[in-house]
Amino acid sequence: MGVLSRTLKPNFLGLLKFLNNMNWFIVFFSLINLSVCIYEDQIGKFDWRQSYVGRIKFSQFDTVSTAKKIIVATEENVLAALNLKTGQVVWRHVFETASAGNIQLLHVGEKVTTVTGSNPYLVRGWNSATGVLMWEWSLTLQNAQQTDYSEWLVQNNMLVHMLPVFGSHLEVTMYNLLTGSNRGATSRLSAAWSNDGCILTGPYYTCVSGDMGSQLLLSLDVTANAIQFISKPLSNYINLQQSIGGNLRPLDSSVVPGFIVDDKKVILIKEGSFVMVGKELVDETASVAVIDGGSEQIMLQTWADDVKGFQLSAYSISSNSEVTEIHCSDPTMNIPEPEFKAVMCTRKAKEQFACRILVNGADDAVHLMQQGGRVLWTREEALANVVTAEFVDLPVSDTDAAIESEFDQKEGSVWSAFSRRLHSQYTQLQNLIRNLQGQSTQEDSTNALVRDYFNLHKIIVLITEAGKIFGMDNLSGEILWRRYEPGLDAEAVVLYTRRSARHPPHDAYVTVVGKHEETGNGYIISLNPITGNLVGEQTIKLDVRILQCALLHTPDSEKLHALVLLDEDETVQVFPISATSLVENLYMYVAEKESGKVQGYALKYNGASVEAQRTWSVRLGGAGGAQVAAVASRSRLERVRSPGRALADRSVLYKYSNPNLVLFVLDTPDPTHKEVVTAVVLDGASGALLGASQHRRARALPLAVHADNCFAYLYRSEKHRRLEIATMELYEGQERWLEPGAAFSSFASDRAPAVERQAYILPAGATAAAVTITERSLTDRHVLLGLTTGAVIEMPWAYLEARRGLTGGDEALLPYTPELPLHAEATLNYNRTIERVMGVFTAPAGLESTSLVLVTGLDLFYTRVAPSKTFDLLKDDFDYYLITIVLAALIVATYSTKYFASRKMLKLAWK
Amino acid sequence: MSQVKSSKKIKWALDYNQKNKTQTADLPSPPGYSQSANASYTESSKDTDSNLLLIKKLWDVALGPLKQVPMNLFIMYMAGNSISIFPIMMVGMLIVRPVKALFSTQSTFKMVEGTQAIGQKFVYIIGNIVNILLALYKCQSMGLLPTHSSDWLAFEEPIIRVEHIAGGLSML
């Protein structure tokens with residue numbers, strides 16, 4: 001026995017040591033596995049994706065294949081097929097964003113043919129059912145100057161390219177559609193009458209030419225072997241005394257060649273002569289389509305009336321009568337500037353028309369209608385161009401609000417408080433019973449827009465380039481409200497949440513600050529983000545341009561944060577005016593993109609109004625014409641809780657958590673290194689320079705992020721021809737400069753923080769960047785990068801840390817490796833590719849671990865991320881049943897054994 | 001049983017226990033057993049001897065904690081400085097045992113009387129304190145004692161911002 005124990009004991013301790021080592025390995029591997037990914041059954045559980053194609057440029061019904069589709073080509077250089085019944089994207093091809101991807105022609109026959117690019121052009125054929133590329137050939141034109149005026153046409157399996165030389169001739173070339181082989185030399189049709197007002201409709205090239213008062217309407221069939229030339233005086237068709245005349249507009253969709261003269265008369269070309277349609281345009285802006293409705297030709301018109309709303313009228317050309325069953329007049333339907341994109345009508349029975357009308361509005365929404373104006377589906381294509389987005393909290397439910405108000409009321413006696421308590425508990429009980437009964441109200445309450453326990457349910461307010469504002473449910477992606485603001489130029493637009501829904505009875509309040517489309521002056525829209533209605537200040541059209549705007553940090557008595565505007569005359573306006581006296585300790589900075597000049601202002605209240613004082617000015621990047629590529633400041637949502645970070649030797653490295661830091665990334669031309677990227681960290685209040693770094697032979701990307709004391713920005717290294725991401729971190733050092741809990745002022749300290757810098761290779765192209773934000777910034781920080789591959793990856797800050805590679809054996813720091821790992825499981829959107837990622841927006845949820853993410857681009861993608869894993873939430877596959885059963889079984893076992901034990905004791909006592 | 005004893009004697013109650021006790025008390029001594037002989041033996045001859053033995057035994061008890069020190073040192077060395085279940089258990093035992101022993105000093109030396117009692121107690125307490133110090137040293141080297149500034153980092157207040165800034169690229 002003794003021998004055994006002697007031999008075992010060291011082994012046992014050795015085993016312990018081994019286990020310890022193993023533990024280190026486990027810790028190490030858990031550190032390595034920083035990325036989070038989801039399981040297969042979690043697909044679509046926390047996320048959704050919506051696919052868009054962009055504003056429709058060309059579209060045609062695909063009537064050949066069995067599954068009915070609409071083939072569309074869009075301004076976003078997308079070719080797609082939409083399901084005729086649902087409007088879903090069947091297949092989609094996204095071409096290049098630059099002019100190389102511009103779609104010049106869409107022709108749907110047996111196969112879909114597109115011409116894309118601009119010299120060289122690419123002619124491609126696609127299978128309409130699957131979207132598979134069938135053939136492709138390229139075409140380079142000789143004289144490159146005039147190619148912008150090129151016109152394309154498909155006729156009899158030939159691709160016709162027509163290049164007008166105004167005032168001289170037309171060059172017409174025909175190619176075999178499939179092979180690209182040229183039929184012969186380019187034919188030159190002399191056309192001294194051509195000018196830039198001419199239009200090509202079908203095979204006819206039509207012009208208005210001649211002196212004022214005696215203009216001729218000329219048409220030429222460009223594809224005919226023998227020249228067919230139609231020439232009529234314009235006065236035959238319109239009264240030249242009343243109008244200037246000669247404005248031609250093509251029909252939006254037509255089965256026969258035709259055009260509109262002076263926005264009034266519709267002229268068709270039939271059998272080599274002009275035929276004027278008996279009915280004039282009702283409205284000058286009306287969109288016109290001529291269709292083949294069985295035996296007769298029908299002219300459709302649509303326009304938007306200010307009073308009567310959407311208007312659709314149909315007119316039979318052959319019988320000279322209105323077709324009433326297609327007619328529609330709907331004041332509730334709001335389609336600004338409707339435009340026919342594709343129309344198809346068939347005559348099923350004797351008098352029954354079955355029409356499918358694709359209408360595009362100025363708000364980029366595309367509607368598919370039946371005859372009579374019934375909308376089958378609508379696609380909000382404006383969402384393909386989201387400019388900015390904001391997550392807005394939902395209000396609490398009525399019962400919760402009652403409970404909250406109960407605790408708010410301090411006055412009143414004990415008895416009134418007691419009765420309030422009883423009343424609220426009674427309503428709670430009622431709700432509980434109703435929920436248990438499973439009444440229909442329960443369904444309503446799940447759909448109702450109320451805040452959930454973890455504040456994961458929010459509304460996303462999206463502003464699009466088209467000027468349309470959307471409110472979207474973040475859990476389902478359903479559009480709750482939409483509002484078209486034709487006057488809003490969404491180029492530089494700012495969205496502020498001025499009051500959240502946490503302050504009943506006051507409604508939530510968001511404000512959009514942008515420019516007016518026509519004047520460029522400030523344009524302010526105030527909305528209730530829950531309903532989409534205008535509230536408070538409604539819309540304000542300023543008579544001055546805005547330089548910058550700010551949200552006042554102190555709310556007024558109605559919990560509304562005032563809007564502070566700095567206009568081009570450097571005067572300050574405060575909305576509402578009553579909040580003027582609240583302006584205090586507010587500083588603004590304005591950077592000029594083209595010169596790199598940054599101007600700082602101090603906003604002071606002088607007893608009557610707020611004045612902006614110029615306090616500091618700096619020209620970044622020197623005098624040599626630097627350009628500001630990106631500006632990053634701290635997110636308004638971020639609250640930093642931790643003052644420092646623990647090092648390996650258990651001392652603290654205190655962070656320089658100045659909340660007023662701003663990162664400027666500049667492109668600077670340099671005589672020796674061609675171009676230089678300069679990154680400068682300034683204090684936005686005092687203008688103090690706190691950190692800088694420079695990268696030679698590089699071009700900055702407009703991507704920069706800043707959170708707490710960390711900065712990251714991207715640039716393309718021209719020297720190494722790769723993308724690099726540089727990071728900076730500011731630290732105070734081992735000693736804290738200020739007492740804990742002291743007030744931090746940018747002006748109080750003149751000590752410079754220590755700057756750590758590092759740069760990494762990003763083995764992918766990035767188009768968007770953001771950092772995750774959590775409620776209290778206690779969880780790790782991840783950088784979300786939208787890649788050109790359509791992936792959004794989650795990069796832990798531990799990989800990007802600027803202190804990486806410091807010697808000193810800090811095991812919390814990863815050793816420096818130049819190339820960042822892009823794990824497949826770090827991809828947020830797994831296999832759901834997001835085309836053309838343009839922006840990533842993050843917002844904190846009520847859970848500390850979770851951050852909500854919206855990715856915009858051609859597609860919209862929403863998900864939630866947990867950078868430090870969901871430490872405050874049970875896993876969603878948590879086995880509630882098992883644990884309940886086990887608990888219940890244990891309780892039953894405890895009590896039964898107690899009973900049996902007592903019985904046994906009694907029996908023993910009787911023995 | 002004690003309840004039965006203390007309760008008043010009820011007229012109709014039968015108490016077997018008491019009867020049993022009295023019966024056992026009345027039992028005769030086994031053959032060859034003499035209480036008087038035993039008492040006189042210890043009284044007369046072996047009195048000093050057993051006292052010495054007791055003192056010796058008690059010195060063993062008093063020196064016990066100090067004798068454990070080398071063993072504890074060895075265990076500490078073998079346990080390593082990593083934080084995992086076995087070293088934590090060992091360190092826990094190292095701390096808890098001497099503390100418990102200190103609290104039960106009185107009961108351990110209950111029967112001690114004599115000249116060396118104070119010295120024995122003193123040595124015993126010293127030995128336990130040495131063990132506690134050893135365990136604390138182990139905790140320190142394992143990093144379990146909150147003696148560094150980073151251990152109190154979570155309780156440090158964040159800064160309060162005074163100035164607020166806004167701005168960006170010119171919106172003109």
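Every chain is numbered from 1 and lettered A, B, ... according to where its sequence line falls, protein lines coming before strand lines.
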Enquirer: I'd like to check B:S170 versus A:K593 (side-chain heavy atoms, cut-off strictly below 4.5 Å). Are they in contact?
Expert: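 A side-chain contact is absent here, since even the closest heavy-atom pair is not under 4.5 Å.
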Enquirer: Who wins among A:R641, A:Q734, A:R545 for the most heavy-atom pairs under 4.5 Å with chain B?
Expert: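 Between A:R641, A:Q734, A:R545, the count favours A:R641.
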Enquirer: Stepwise, does the side-chain contact (heavy atoms from CB on, under 4.5 Å) test hold for A:S651 with B:H148?
Expert: CA-CA 6 Å; A:S651 60; B:H148 290 267; 5.9 Å; no
Enquirer: Inspect the surroundings of CZ in A:F747 and state if more than 12 heavy atoms from other residues, nucleotides or ligands are less than 6.0 Å away.
Expert: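 Above 12, so yes.
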Enquirer: Output the option from A:G684, A:A550, A:A602, A:A742 having the highest count of non-hydrogen pairs under 4.5 Å with chain B.
Expert: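 Highest number of pairs under 4.5 Å: A:A742.
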Enquirer: Quick check for you: among A:V590, A:L566, A:V631, which has the greatest number of heavy-atom pairs under 4.5 Å with chain B?
Expert: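 Most heavy-atom pairs within the cutoff with chain B belong to A:V590.
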Enquirer: Measuring heavy-atom distances to chain B, does A:A743 have an atom under 4.5 Å in its side chain, in its backbone, in both, or in neither?
Expert: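 The answer is both parts of A:A743.
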Enquirer: Less than 4.5 Å apart, side chain to side chain, heavy atoms only: is that true for B:M171 and A:V494?
Expert: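 Yes, at least one pair of side-chain atoms sits under 4.5 Å.
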Enquirer: Are any of the side-chain heavy atoms of B:L169 and A:F664 separated by less than 4.5 Å?
Expert: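 A side-chain contact under 4.5 Å is absent here.
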Enquirer: Determine the option with the most heavy-atom pairs under 4.5 angstrom with chain A, choosing from B:S149, B:S150, B:G168, B:G143.
Expert: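 Most pairs with chain A among the choices: B:G168.
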Enquirer: Is A:R736 in contact with chain B via its backbone, its side chain, both, or neither, using a 4.5 Å heavy-atom distance?
Expert: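 For A:R736, the contact with chain B is made by the side chain alone.
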Enquirer: Determine the minimum heavy-atom distance between B:E163 and A:A685, stating which atoms define it.
Expert: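 So the two residues come closest at CB-CB, 4.2 Å.
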Enquirer: Do you know which of A:R634, A:E592, A:K515 has the most heavy-atom pairs under 4.5 Å to chain B?
Expert: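 Of A:R634, A:E592, A:K515, A:K515 has the most heavy-atom pairs under 4.5 Å with chain B.
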Enquirer: Name the region of A:S633, side chain, backbone, both or neither, that has any atom closer than 4.5 Å to a heavy atom of chain B.
Expert: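 Contact with chain B is absent: no heavy atom of A:S633 under 4.5 Å.
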Enquirer: Would you mind checking which part of A:S642 comes under 4.5 Å of any heavy atom in chain B, side chain (CB onward), backbone (N, CA, C, O), both or neither?
Expert: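 Answer is neither: A:S642 stays 4.5 Å or more from chain B.
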Enquirer: Checking A:Y654 against chain B: side chain, backbone, both or neither under 4.5 Å from a heavy atom?
Expert: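 The side chain, not the backbone.
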Enquirer: For the residue pair B:I165 and A:M588, establish whether any side-chain heavy-atom pair is separated by less than 4.5 Å.
Expert: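 Of all side-chain heavy-atom pairs linking A:M588 with B:I165, none is under 4.5 Å.
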Enquirer: Give, as side chain, backbone, both or neither, the part of A:D649 having an atom under 4.5 angstrom from any heavy atom of chain B.
Expert: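 Interface part for A:D649: backbone (N, CA, C, O).
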Enquirer: Are more than 12 heavy atoms from other residues, nucleotides or ligands located less than 6.0 Å from atom CD of A:E568?
Expert: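 Correct, the count exceeds 12.
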Enquirer: According to the salt bridge (Lys or Arg N to Asp or Glu O under 4.0 Å) rule, which pairs have a member within residues 138-153 of chain B, sequence neighbours left out?
Expert: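 Those involving residues 138-153 of chain B are A:R650-B:D151.
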Enquirer: Can you tell me which of A:V513, A:I546, A:V598 forms the most heavy-atom pairs within a distance under 4.5 Å of chain B?
Expert: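 When all of A:V513, A:I546, A:V598 are compared, A:I546 has the most.
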Enquirer: Answer yes or no: does atom NZ of B:K56 have more than 12 heavy-atom neighbours from other residues, nucleotides or ligands under 6.0 Å?
Expert: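 No.
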Enquirer: Check whether any side-chain heavy atom of B:R161 lies under 4.5 Å from a side-chain heavy atom of A:F744, and answer yes or no.
Expert: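 No. Closest side-chain heavy atoms not under 4.5 Å.
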Enquirer: So, do B:I159 and A:P643 sit near enough that their side-chain heavy atoms are less than 4.5 Å apart?
Expert: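 They are not in side-chain contact.
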